[in-house]
There are 2 protein chains.
Amino acid sequence: MDEKQIQQVRRFNRAVTRRIGVLSDDYLGRGRPLAESRLLFEIGRDGADVRTLRARLALDSGYLSRLLRALEARGLLAVQPAPHDARVRRATLTRKGRREVDALDRDSHALAGSLLAPLGEAQRQKLVAAMAEVERLLRASAVEVALADPAGAEARACIDAYLREIDERFEGGFDAARSVSADPAELVPPTGAFMLARLDGEALGCGGLKLGARGVGEIKRMWVAPSARGLGIAQRLLEALEAQAAAMGVRTLRLDTNRSLVEARALYARNGYVEIARYNDNPYADHWFEKRGLRPK
Amino acid sequence: MDEKQIQQVRRFNRAVTRRIGVLSDDYLGRGRPLAESRLLFEIGRDGADVRTLRARLALDSGYLSRLLRALEARGLLAVQPAPHDARVRRATLTRKGRREVDALDRDSHALAGSLLAPLGEAQRQKLVAAMAEVERLLRASAVEVALADPAGAEARACIDAYLREIDERFEGGFDAARSVSADPAELVPPTGAFMLARLDGEALGCGGLKLGARGVGEIKRMWVAPSARGLGIAQRLLEALEAQAAAMGVRTLRLDTNRSLVEARALYARNGYVEIARYNDNPYADHWFEKRGLRPK
DNA sequence: TCCATTTGCTGACTTTAGTCAGGTAAAAAG
DNA sequence: CTTTTTACCTGACTAAAGTCAGCAAATGGA
């Protein structure tokens, strides 16, 4: 990795945590402990389960409980058992609590404004654009790709979303029964593998690998959530699948795809897949690709 | 101000404080209080005066003293009177302290690397470029422009730097005695005004205003430190001087400039100054500008 | 039905961060 | 040669943040 790049990231970290960190502590403190402000903010207008809050704010159970009691005592929120499971408790803001959150919101707004205010319009636009880019790429960098159980809840959600999407995009829709199989049961060792991409624990992409005979494997079920496209996630899923395939003895990877999936074709072409003749009778496929010469690293 | 811009800044703040803020606290904590880590880092390999540390870290005198004692007790640093002034005390790292800072340094390096690692080279380059842009513009946004005493230490330093620079840049050098006067004494009310631009308390730009007869004022001593150019500081100094001039009854602003100061001419042209005939006998001036119709807002 | 697990709460801590009111020595000002 | 200011330190606080062990209710599976 380039040393200059790392130096720039470090300068950025220092500059931004100083400027923004300190400012937002001041702004959002509002005379109340920061942890309480963050908690109010995180509960938000719709309320939230205590366990969700614990996970999102990474707080100790005891500490969080105490914070909730303190805010409850001041009439900012109420905690009740959740309807579906009485062990779980749900925190909701009172009217007074919502007013407080509104005030926090205004402060956060003012903080953002105070960063932009000294700049001229041209500089503002540049700053905002650069911030959007940094945010986008930090999101991309936080995505984790890992092996997962294709029968698990997250995997099923991804696969369902994938099937719904191609049913919409393919001319004439899509019926899994008429296509080539890729059951969850096939996508586990020793007959295959399955990868999930997660951001902050939420699954937003997947890809499957199905092993065939004589060192040939097939890529199936490649999908990325629409909200997360353009972050290079498909690329990383593909790389992970290739590495996994190679480790499982695959030397040649194949895949088929529909003419409506333009981005997918571009992805495969970029990664050294070349178009070949039809190798299966999948009625939904219009293009067939192959990449030879995979090696375990 | 554009609401969308503010929303983007807020999203950025959230994303960055979550991703980077939390990460760097974890990384740089290293089992020791964060304040101590920051202090070690700030002392650095060359050591630093205690008062400098106090200013840079914005710490209470007593608190800082205690932090220094704690690190001293663990043999990480030594504090001695400074040679030139025995009230001032200078903190320097011991060998053990330097090893600690090296470790912190490695961690910070690793943190930066961990942000870049999941990305491909193209994304990395984009991220690093966007970070540099954000950092640059946040610096610009943190610059404060305010009236200052032109005889004060900071102002004198800026004016001296200005004179040295034009002595270098003008063909044949520059001799203040042969030019039009702009003594500090003239640049205070009621005969003038003086503005300083500061970043984190450090002066890095100035501009003077000298009042003449019949609502005519003259801009003098416009200068920005080379390290801070390209941030739009001159623009903000000029705007501040114009506002001040208008408030003091000026309706027409003039200035002269040397042919070697190309950026300055562009600045004035951009701001509605039009070139006029020679209005003084300054031997160093090659261009004369004027802006009419100033109004107090 | 019983028992392990999950979820959240309480009490009793510790550590970290930060503030404030003096006090002392050195240097600068008068 | 005083007086004032500067720079730093110490002691005595407080508030915020966080940790840990143990407990009790609800739940789900054996």
Side-chain angles (χ1 to χ4, degrees), chain A residues 17-18 21-22 24-43 47-74 76-92 153, chain B residues 17 21-22 24-26 28-43 47-74 76-92 152-153 201:
Chain A
T17 49
R18 270 185 56 169
V22 173
S24 41
D25 285 7
D26 286 1
Y27 268 78
L28 302 184
R30 286 189 54 82
R32 109 171 52 255
L34 213 77
E36 292 187 4
S37 289
R38 278 205 298 259
L39 181 50
L40 284 175
F41 219 97
E42 202 62 46
I43 294 173
D49 291 351
V50 170
R51 64 169 164 190
T52 318
L53 295 171
R54 205 164 43 230
R56 283 214 288 249
L57 296 170
L59 290 176
D60 171 85
S61 161
Y63 185 30
L64 173 57
S65 193
R66 219 175 311 281
L67 288 173
L68 287 169
R69 287 303 85 66
L71 292 171
E72 207 171 23
R74 269 182 288 147
L76 299 177
L77 54 80
V79 180
Q80 291 137 340
H84 61 285
D85 181 343
R87 289 171 304 180
V88 176
R89 309 238 298 156
R90 189 168 183 79
T92 43
Chain B
T17 49
V22 174
S24 41
D25 285 8
D26 287 0
L28 303 184
R30 297 204 94 238
R32 102 171 59 254
L34 214 77
E36 291 188 8
S37 288
R38 278 206 299 259
L39 180 51
L40 284 175
F41 219 94
E42 202 62 46
I43 293 172
D49 291 351
V50 170
R51 63 169 162 190
T52 318
L53 295 170
R54 206 164 43 228
R56 284 212 289 248
L57 296 170
L59 290 176
D60 171 85
S61 160
Y63 184 31
L64 173 57
S65 193
R66 220 175 310 280
L67 288 172
L68 288 170
R69 288 305 83 69
L71 292 171
E72 207 171 25
R74 268 182 289 148
L76 298 177
L77 55 80
V79 179
Q80 291 137 338
H84 61 287
D85 181 342
R87 289 171 305 182
V88 176
R89 311 236 298 157
R90 189 168 183 78
T92 44

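Reminder, nothing fancy here: chain letters follow the sequence lines and each chain counts from 1.
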Of A/His84 and A/Glu36, the one whose closest DNA chain D nucleotide lies more 5': A/Glu36
Those residues of residues 60-67 of chain B lying under 4.0 Å from DNA chain D by at least one heavy atom: B/Ser61, B/Gly62, B/Ser65, B/Arg66
A/Leu68 side chain reached by A/Arg89 side chain, heavy atoms, under 4.5 Å: no
Residue pair B/Glu42 / B/Thr52, side-chain heavy-atom distance below 4.5 Å: no
Side chains of B/Leu53 and B/Leu59 in contact at under 4.5 Å (non-hydrogen atoms): no
Donor-acceptor pair, side chain of B/Asp60 and main chain of B/Gly62, under 3.5 angstrom: yes
Stretch residues 47-58 of chain A: residues that reach within less than 4.0 Å of DNA chain D through a heavy atom: none
Atom pair CD (A/Glu36) and CZ (A/Arg74), whose distance is rounded to the nearest 0.5 Å: 4.5 Å
Nearest-nucleotide pick for B/Leu59, side chain only, options being C/dC9, D/dA17, C/dG18: C/dG18
Phosphate OP1/OP2 of C/dT7: any A/Arg89 side-chain N/O under 4.0 Å: no
Inter-residue atom distance A/Arg56.CZ - A/Asp49.CG, 0.5 Å rounding: 9.5 Å
Residue pair A/Ile43 / A/Leu71, side-chain heavy-atom distance below 4.5 Å: no
Minimum-distance nucleotide (side-chain atoms of B/Arg87 versus D/dA17, D/dA26, D/dT5): D/dT5
Whole-Å distance separating the CG atom of A/Leu71 from the P atom of D/dA16: 12 Å
